[in-house]
Structures are given as C-alpha cells and as structure tokens.
Trainee: 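Sharing a structure, written as structure tokens. Questions coming.
Here, residue 1 is the first one in the sequence, and each next residue gets the next number.
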Amino acid sequence: MPASKPRDAGPTRTTGTGVTLALAEPVGMITLRGDPGTETLVQAIRNAFGCAVPEPRRIEFGDDGSVAWMSHDELLIRVPRNNVETALAGLEDALGGEDVLLSDVSDARVTINVRGPSAREVLARGCPSNLSREAFGPGNFIRTRLGQVPVAVWMPDQESVSLMCFRSVGEFVENWLGNAAIGPFPGYLDS
C-alpha cells in the first residue's frame with residue numbers, strides 16, 4: 001500500500017455536492033522523537049522508507065511509508081499496519097546510538113479521507129488554517145483544529161484531503177465533516 005494513496009476501510013458517504021467522505025484503512029503509526037537533523041536519523045529514514053526527513057509543515061512519501069513533520073523534535077511515520085513491528089525493529093537497530101524515542105501509536109488515531117472539488121471548502125468551514133491553493137497543497141502537512149478538535153491534515157492530491165484525529169473523537173469528526181459537506185460552496189478558496 002503506497003502511503004500517498006490512502007485506501008478507504010469501508011463504505012463511502014457521498015454528499016449531494018460531490019464530496020465523498022470515508023474512514024481510511026487503518027495504518028501503522030510510529031512516533032519518533034529526537035533530533036531530525038542528525039545524519040544517522042536522516043539515513044535511517046531514507047533506508048527504511050525511501051524518503052527524506054520532511055521539512056517543517058511537510059510530509060514525505062516513499063515506497064514503504066510516509067514521514068510527517070509533527071514538531072521540531074517529532075516525526076510521525078505511517079506504514080502498512082502489518083509492517084509496524086518490522087519498521088520499529090529496523091529503526092531501533094539503525095538508531096541504536098541516537099537519543100531517540102520510538103513508540104507504536106497505531107491505535108491512537110484514525111484517518112478520514114475527504115475527496116472532491118470542494119474538499120478544501122469542507123474543512124475551511126471549521127478550520128482556522130489557510131487552506132487556499134496558494135498556501136496549502138500536496139506535500140504540505142499541518143496540525144490545526146477542526147470544530148475545536150485537534151487534527152493533522154495533508155493532501156494526497158489537489159482534490160483529496162486526508163485528516164487524522166484521535167480515535168476518541170473520530171466519530172464526532174466524521175459527523176462534523178458530513179454536516180460541513182452539505183453545500184453550496186461559494187468557491188472562495190478557488191483563487
């Protein structure tokens with residue numbers, strides 16, 4: 001499963017406005033806390049996942065996973081669910097001498113996919129971040145709020161938004177998105 005193409009876990013919900021919402025297939029998630037600038041860590045990420053360590057507010061996709069910038073000392077690694085133990089063991093081996101913390105957080109969060117030409121507008125109805133095409137696009141990764149709930153958001157492509165939230169508020173976020181996806185959309189983010 002390429003990390004850049006999120007797959008849906010089950011049925012999708014399509015609104016009358018052409019926006020589709022779906023809970024994403026569960027993925028493995030590993031939190032890595034440490035200095036993302038060390039050569040050892042940079043090499044470990046490149047070797048394990050085939051991508052670079054992301055710059056702030058970015059996500060990098062590789063053949064074996066994705067790596068997202070969460071903060072100045074935290075990365076979130078997303079891998080196929082059945083590869084978590086292997087990825088953790090490989091990272092622990094590669095980073096043995098580094099001052100890092102690795103933790104499997106696969107069960108902590110869920111991902112919801114929002115697709116369609118108005119995907120940005122759906123999120124903009126309750127997200128204080130600038131989601132215009134000039135400010136936010138594929139490769140960007142932001143931590144923000146949606147309906148007063150902390151979320152992380154990225155775009156796999158220009159008409160798809162993936163949103164990650166804590167599992168405990170996942171149902172609320174799904175319902176919130178469903179209500180926000182009811183049109184019409186004025187197109188104010190199209191500029």
Trainee: Is there a side chain to side chain contact (heavy atoms under 4.5 Å, CB included) between E74 and L32 once you walk through the steps?
Mentor: CA-CA 6 Å; E74 181 181 1; L32 188 157; over 6 Å; no
Trainee: Suppose we screen for side chain to side chain donor-acceptor pair (under 3.5 Å). Which residues come up paired with T31, at least two apart in sequence or across chains?
Mentor: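 So T31 forms no side chain to side chain donor-acceptor pair (under 3.5 Å) with any residue.
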Trainee: What distance do L23 atom CG and N113 atom CG have between them, rounded to the nearest 0.5 Å?
Mentor: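 Reported value, rounded in 0.5 Å steps: 8.5 Å.
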Trainee: Do the non-hydrogen side-chain atoms of V105 and L76 ever get within less than 4.5 Å of each other?
Mentor: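 Side chain of V105 against side chain of L76, heavy atoms only: contact under 4.5 Å found.
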Trainee: How many angstroms lie between atom CZ of R125 and atom CG of N179, to the nearest 0.5 angstrom?
Mentor: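 Answer rounded to 0.5 Å: 10.5 Å.
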Trainee: Under 3.5 Å, sequence neighbours excluded: what are the donor-acceptor pairs made by side chains of residues 44-62?
Mentor:
unit_1	atom_1	unit_2	atom_2	d
N47	ND2	Q43	O	3.3
R58	NE	G139	O	3.4

Trainee: Report yes or no: do S71 and D73 form a side-chain donor-acceptor pair below 3.5 Å?
Mentor: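 Short answer, yes.
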Trainee: What closest approach, in Å, do V114 and L177 show between heavy atoms, and which atom pair accounts for it?
Mentor: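 The answer is CG2-CD1, 4.1 Å.
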Trainee: Check the pair R120, R133 against side chain to side chain contact (heavy atoms under 4.5 Å, CB included), reporting the backbone distance first and the verdict last.
Mentor: CA-CA 9 Å; R120 292 170 189 271; R133 290 184 185 274; 3.7 Å; yes
Trainee: Tell me, which pairs form a side-chain hydrogen bond (donor to acceptor under 3.5 Å, both in side chains) where one or both residues lie in residues 138-150, sequence neighbours left out?
Mentor: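 Sorted pair list: S129-T144.
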Trainee: Apply the test side chain to side chain contact (heavy atoms under 4.5 Å, CB included) to residues M155 and S160: give CA-CA distance (whole Å), side-chain angles for both, the deciding distance (0.1 Å), then the verdict.
Mentor: CA-CA 6 Å; M155 294 188 74; S160 300; over 6 Å; no
Trainee: If you measure from CE on M29 to CG on D104, what distance do you get to the nearest 0.5 Å?
Mentor: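 Going from CE on M29 over to CG on D104, the span is 9.5 Å.
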Trainee: Determine the minimum heavy-atom distance between L75 and W69, stating which atoms define it.
Mentor: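 Between these two residues, the closest heavy atoms are CD2-CA, 4.1 Å.
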Trainee: Show, in sequence, the C-alpha distance, side-chain angles and deciding distance for E98 and T40, and conclude whether the side chain to side chain contact (heavy atoms under 4.5 Å, CB included) test is met.
Mentor: CA-CA 8 Å; E98 294 291 309; T40 304; 3.3 Å; yes
Trainee: Can you find a heavy atom in the side chain of P156 that is under 4.5 Å from one in the side chain of S162?
Mentor: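 Yes, at least one pair of side-chain atoms sits under 4.5 Å.
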Trainee: How close do D64 and V79 get, counting heavy atoms only, and between which atoms?
Mentor: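 Heavy-atom minimum between the residues: O-CG1, 3.7 Å.
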Trainee: Grab the two heavy atoms, one from L41 and one from D35, that are nearest each other, plus how far apart they are.
Mentor: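 Looking at all heavy atoms of both residues, the shortest contact is CD1-O, 3.7 Å.
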Trainee: How long is the span from the CD1 atom in I77 to the CG atom in N83, to the nearest 0.5 Å?
Mentor: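 The CG atom of N83 is 12.5 Å from CD1 of I77, to the nearest 0.5 Å.
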Trainee: Looking only at heavy atoms, which two atoms of A87 and I30 are closest? And how far apart?
Mentor: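 A87 and I30 have their closest heavy atoms at CB-CD1, 3.8 Å.
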Trainee: How would you list, by chain and number, every residue that makes a side chain to side chain donor-acceptor pair (under 3.5 Å) with S103, sequence neighbours excluded?
Mentor: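 Side chain to side chain donor-acceptor pair (under 3.5 Å) list for S103, sorted by chain: empty.
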Trainee: For residues 102-146, which residue pairs qualify under ring pair (Phe, Tyr, Trp, His ring centres under 6.0 Å), counting only residues two or more places apart or in two chains?
Mentor: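 Of all non-adjacent pairs touching residues 102-146, those that pass ring pair (Phe, Tyr, Trp, His ring centres under 6.0 Å) are F141-W154.
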Trainee: Distance-only criterion, 3.5 Å: show the donor-acceptor pairs between side-chain atoms of residues 163-171 and protein atoms not counting sequence neighbours.
Mentor:
unit_1	atom_1	unit_2	atom_2	d
R167	NE	D107	O	2.9
R167	NH2	R109	O	3.3

Trainee: If you count the non-hydrogen atoms of other residues, nucleotides and ligands that lie under 6.0 Å from CG in D99, is the total more than 12?
Mentor: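 Check fails, neighbour count at 12 or below.
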Trainee: Identify the heavy atoms of G34 and V100 that sit nearest to each other, and give their distance.
Mentor: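 Taking every non-hydrogen atom into account, CA-CG1, 4.2 Å.
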